[in-house]
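Working notes, structure below.
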Amino acid sequence: MARRYDCNDATDRTTGLREAASAVRRGELVVLPTDTVYGIGADAFSTEGIADLLDAKGRGRNMPTPVLIGSPNTLHGLVTDFSEQAWELVDAFWPGALTLVAKHQPSLQWDLGDTRGTVAIRMPLHPVAIELLTEVGPMGVSSANLTGHPSPEDCDAAQEMLGDSVSVYLDGGPTPGIVPSSIVDVTGKVPVLLRAGALSAEELRKVVPDLEVAN
């Protein structure tokens, strides 16, 4: 039976974060608010947890799970060949609605799907998400919806779709917006905007002027 906690209540928030952290460590699924939409997440290093996440969404391995982190410092252990321009984007827009596609460390024991050696990674601008991520470390997190359905802006919508496939729901109220994060590929010499979302190409070019836009 899924448990749900109101993170706008101080006591419930403390209990909910503790229960969510325990669930993540057991390889179970949790739903958490972010600065874009609600996400469904699991320990990024739990092969079973990530497989359960894809199953809960009805999603294939061809759409790998992004990773959320609680601090830019975490990047040092996760990615390789991270350019100066990539760090400038992190400094300018994290925490926030910018996802970076980078080469992950080849030694990492994780299975996020068919990633071809890369990881889509972000630090969200939401206190509940950051607190959980700081406690448990990197999480594989995808939008908390069934594939093909709208991304949820509140906990009710997420729970209606995902039900008891999730152990803990952290209800932070409606999310600030439904615009997804912008995605920039930093695996090459020049950053490439793969998806314009909350951040436009113009905003990103103020930091990395040679940014290209994918066709």
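These values consider heavy atoms only, across backbone and side chains, with no hydrogens, waters or symmetry-generated copies.
- Glu88 and Lys206 are not joined by a salt bridge, as no carboxylate oxygen comes within less than 4.0 angstrom of a charged side-chain nitrogen.
- In this structure the side chain of Pro191 reaches within 4.5 angstrom of the side chain of Gln85, judged on heavy atoms.
- Taking CZ of Arg4 as the reference point, atom CG of Asp12 lies at 10.5 Å (rounded to 0.5 Å).
- Taken to the nearest 0.5 Å, the OG1 atom of Thr11 stands 10.5 Å off from the CG atom of Asp6.
- Although no hydrogens or angles enter the test, the distance criterion places no donor-acceptor pair under 3.5 Å between the side chain of Ser200 and the main chain of Ala196.
- Between atom NE2 of residue His104 and atom CG of residue Leu78 there is a gap of 10.0 Å, rounded to the nearest 0.5 Å.
- No side-chain N or O of Arg3 forms a donor-acceptor pair with one of Ser167 less than 3.5 Å apart.
- No salt bridge links Arg205 with Asp210; every basic N to acidic carboxylate O contact stays at or beyond 4.0 Å.
- Not one N or O on the side chain of Thr115 forms a donor-acceptor pair closer than 3.5 Å with the backbone of Leu112.
- The closest donor-acceptor contact from the side chain of Asp164 to the backbone of Ala2 lies under 3.5 Å.
- Remark: the backbone N or O of Leu125 is paired with a side-chain donor or acceptor of Asp35 at under 3.5 angstrom.
- With hydrogens and angles disregarded, a donor-acceptor distance shorter than 3.5 Å links the side chain of Ser182 to the backbone of Gly197.
- Side chain of Thr74 to backbone of Ile69: no donor-acceptor contact under 3.5 angstrom is found.
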Asp185 vs Arg195, side chain to side chain contact (heavy atoms under 4.5 Å, CB included): CA-CA, chis, key distance, verdict: CA-CA 10 Å; Asp185 184 337; Arg195 181 182 76 188; over 6 Å; no
Chi angles and distances behind the side chain to side chain contact (heavy atoms under 4.5 Å, CB included) call for Thr99, Ile121: CA-CA 5 Å; Thr99 296; Ile121 198 162; 5.9 Å; no
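- With values rounded to the nearest 0.5 angstrom, Leu170 atom CG is found 9.5 Å from Arg13 atom CZ.
- Here the SG atom belonging to Cys7 is positioned 14.0 Å from the OH atom belonging to Tyr169, to the nearest 0.5 angstrom.
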Output side-chain donor-acceptor pairs under 3.5 Å for residues 40-55, partner residues at least two apart or in another chain, one line each.
| residue | atom | partner | partner atom | Å |
| --- | --- | --- | --- | --- |
| Asp43 | OD1 | Phe45 | N | 2.8 |
| Ser46 | OG | Gly49 | N | 2.9 |

Lys189 and Glu212: CA distance, side-chain angles, deciding distance, salt bridge (charged side-chain N to carboxylate O under 4.0 Å, His left out) verdict: CA-CA 11 Å; Lys189 292 184 178 180; Glu212 295 180 355; over 6 Å; no
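- Considering OG1 of Thr175 and OH of Tyr38, their distance stands at 7.0 Å, rounded to 0.5 Å.
- Defined by atom type and a distance below 3.5 Å, a donor-acceptor pair is missing between the side-chain atoms of Thr65 and Ser142.
- Without hydrogens or angle criteria, Ser143 side chain to Asn145 main chain gives no donor-acceptor distance under 3.5 Å.
- Remark: side-chain polar atoms of Trp94 are paired, donor with acceptor, to backbone N or O of Leu98 under 3.5 angstrom.
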